[in-house]
There are 2 protein chains.
Amino acid sequence: MTTPAAARRARQLKERRSQIVGAARTLAETEGWDAVTIRRLADAIEYSQPVLYGHFPQGRTEIVTAVALEGFEELATALAPSADVPVASDAERVRALVTAYLGFAERHPATYDAMFLLPVLVPFASDETPAIVRAGFEAIEGALHSLDDPPADLPTTAEVLWGAVHGIVALRRAGRFPAAHQEERVETLVRLVVR
Amino acid sequence: MTTPAAARRARQLKERRSQIVGAARTLAETEGWDAVTIRRLADAIEYSQPVLYGHFPQGRTEIVTAVALEGFEELATALAPSADVPVASDAERVRALVTAYLGFAERHPATYDAMFLLPVLVPFASDETPAIVRAGFEAIEGALHSLDDPPADLPTTAEVLWGAVHGIVALRRAGRFPAAHQEERVETLVRLVVR
DNA sequence: GCGATTGTCTAGCAGTGCTAGAGTTTGGGC
DNA sequence: GCCCAAACTCTAGCACTGCTAGACAATCGC
């Protein structure tokens with residue numbers, strides 16, 4: 001039997017939890033992950049530090065994980081359309097996919113880091129990998145599958161394409177790439193995958 | 001006029017500097033960069049913390065930079081041979097390049113992170129980029145250039161190839177990729193670059 | 001041997017993630 | 001309406017981080 005009071009409290013807890021995740025994400029996107037400290041998050045939600053550990057017993061890493069999971073959800077919906085662009089050539093389909101991916105990474109750099117760079121409490125490449133995390137990769141596979149001339153080893157090609165796009169994002173974000181010529185890179189990559 | 005004593009001191013300073021860099025690199029490779037703290041490095045060279053700041057006024061980041069520069073030197077020599085493999089097909093040349101790159105990243109993961117992931121005091125993609133840092137990228141360009149059938153936009157193709165290999169390394173190291181199938185990825189990537 | 005330069009150390013600041021234990025608010029049974 | 005236990009939240013503190021000011025000691029050129 002759940003009393004009304006308990007229901008209200010559960011609702012408030014949920015609300016506060018998402019406040020924490022939201023504050024972490026906003027802070028990370030505006031000032032970088034280094035600025036996301038437990039103390040600053042506590043200030044943001046106007047509670048003391050230990051309250052955060054009530055919501056995230058695994059500590060800071062678990063908060064980063066929560067942001068990453070939000071990101072995976074958004075990435076999946078960002079990539080979904082490119083699976084079936086009607087009346088489009090193979091090159092256009094791949095270009096749409098790559099552009100959508102790069103666009104997401106550019107709009108949410110810190111979230112992207114949480115998803116693909118930072119240590120996180122999600123089992124990747126395992127049976128327990130959450131469906132939503134898998135969804136992004138499956139969107140890439142789906143886009144390749146919908147090509148008129150799909151590649152031979154589809155899963156591996158999807159991995160390599162993913163790696164290539166991620167590499168471009170990572171080197172660009174770490175300042176190892178010049179900022180310009182991004183369109184040329186996209187075009188070159190597209191031409192490598194669909195010839 | 002440099003006195004013998006001053007010369008000896010200069011030698012000792014240089015020696016100690018390379019002790020610090022060596023300790024940092026070893027510690028990073030064995031326990032990860034998080035374990036590389038000024039205090040632990042000070043212990044390793046048996047001096048107090050402020051001594052390290054005498055050698056590296058910019059602090060920890062400058063030490064990471066020194067390790068990265070060592071890495072760039074080694075990467076350049078690791079990639080050099082693949083530029084001109086005699087009596088080899090285009091596919092073999094690209095495969096040699098990719099394999100050499102992946103091998104370096106696998107042998108020195110922490111050094112690789114210093115080079116391509118961590119914040120570092122080297123101006124990349126700029127006029128002041130050290131020659132040794134450029135050398136790695138030029139090795140990739142050189143390998144592509146030596147192909148019987150070189151790609152059209154060579155510099156951009158080199159960037160994309162670099163990005164692809166880096167992406168594979170990064171996703172693999174961050175646990176986002178399954179460990180297996182690495183050879184298939186290499187083969188697929190090679191086949192994308194040389195038709 | 002003396003004096004100034006160089007080198008090195010101790011001690012400390014402000015910050016981090018995280019937690020034990022004290023104190024307060026809350027809610028349900030009477 | 002009251003009381004007591006359960007749930008909650010806070011203060012204070014630990015051990016660590018990068019980094020630095022200022023006291024002290026060794027060294028070297030004269």
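Residue numbering restarts at 1 for every chain, and letters A, B, ... go by the order of the sequence lines.
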From the options D/dA7, D/dT11, D/dG18, select the nucleotide whose nearest atom is closest to the side chain of A/Pro50. D/dT11
Could you check whether A/Arg40 gets within reach of a base, just the sugar-phosphate, or nothing at all, counting any heavy atom under 4.0 Å? nothing
Return whichever of A/Pro57 or A/Asp34 has its heavy-atom-nearest nucleotide of DNA chain C closer to the 5' end. A/Asp34
Contact class for A/Thr37 (heavy atom, under 4.0 Å): base, sugar-phosphate, or nothing? sugar-phosphate
B/Arg16 side chain N/O closer than 4.0 Å to the phosphate oxygens (OP1, OP2) of C/dT8? yes
From CG of A/Leu41 across to C1' of C/dT16 the rounded distance in Å is 13 Å
Can you tell me how far P of D/dA26 sits from CD of B/Gln12, to the nearest Å? 16 Å
Out of C/dT6, D/dC19, D/dT9, whichever nucleotide has its closest atom nearest the side chain of A/Val51: D/dT9
Measure CD/A/Glu46 against C1'/D/dC10 and give the value in whole Å, please. 15 Å
Has A/Arg176 got a side-chain atom pairing as donor or acceptor with A/Ala170's backbone, closer than 3.5 angstrom? no
Test side chain to side chain contact (heavy atoms under 4.5 Å, CB included) on B/Val193 and B/Leu144; report intermediate values, then the result. CA-CA 9 Å; B/Val193 175; B/Leu144 291 183; 4.0 Å; yes
Taking atom P of C/dG7 as reference, at what distance in whole Å does atom CG of B/Leu13 sit? 6 Å
Can you check the A/Glu62 CD to C/dT19 P distance for me, whole Å? 12 Å
Rounded distance in Å - CD1 (A/Ile45) to P (D/dC8): 14 Å
Is the A/Tyr47 to A/His55 ring centre distance short of 6.0 Å? no
Grab the CD-P distance between A/Gln49 and D/dC10 for me, whole Å please. 10 Å
Would the base of D/dG18 count as contacting B/Arg39 through its side chain, where contact means a donor and an acceptor less than 3.5 Å apart? yes
By nearest-nucleotide position on DNA chain D, the 5'-leaning member of B/Ile38 and A/His55 is A/His55
Assess the pair A/Tyr112 and A/His166: is the distance between their ring centroids shorter than 6.0 Å? yes
How many Å lie between OH on A/Tyr53 and P on D/dA7, as a whole number? 23 Å
OP1 or OP2 of C/dG7 less than 4.0 angstrom from a side-chain nitrogen or oxygen of B/Arg9, does that happen here? yes
I want to know whether A/Phe116 and A/Phe72 have ring centres closer than 6.0 Å. yes
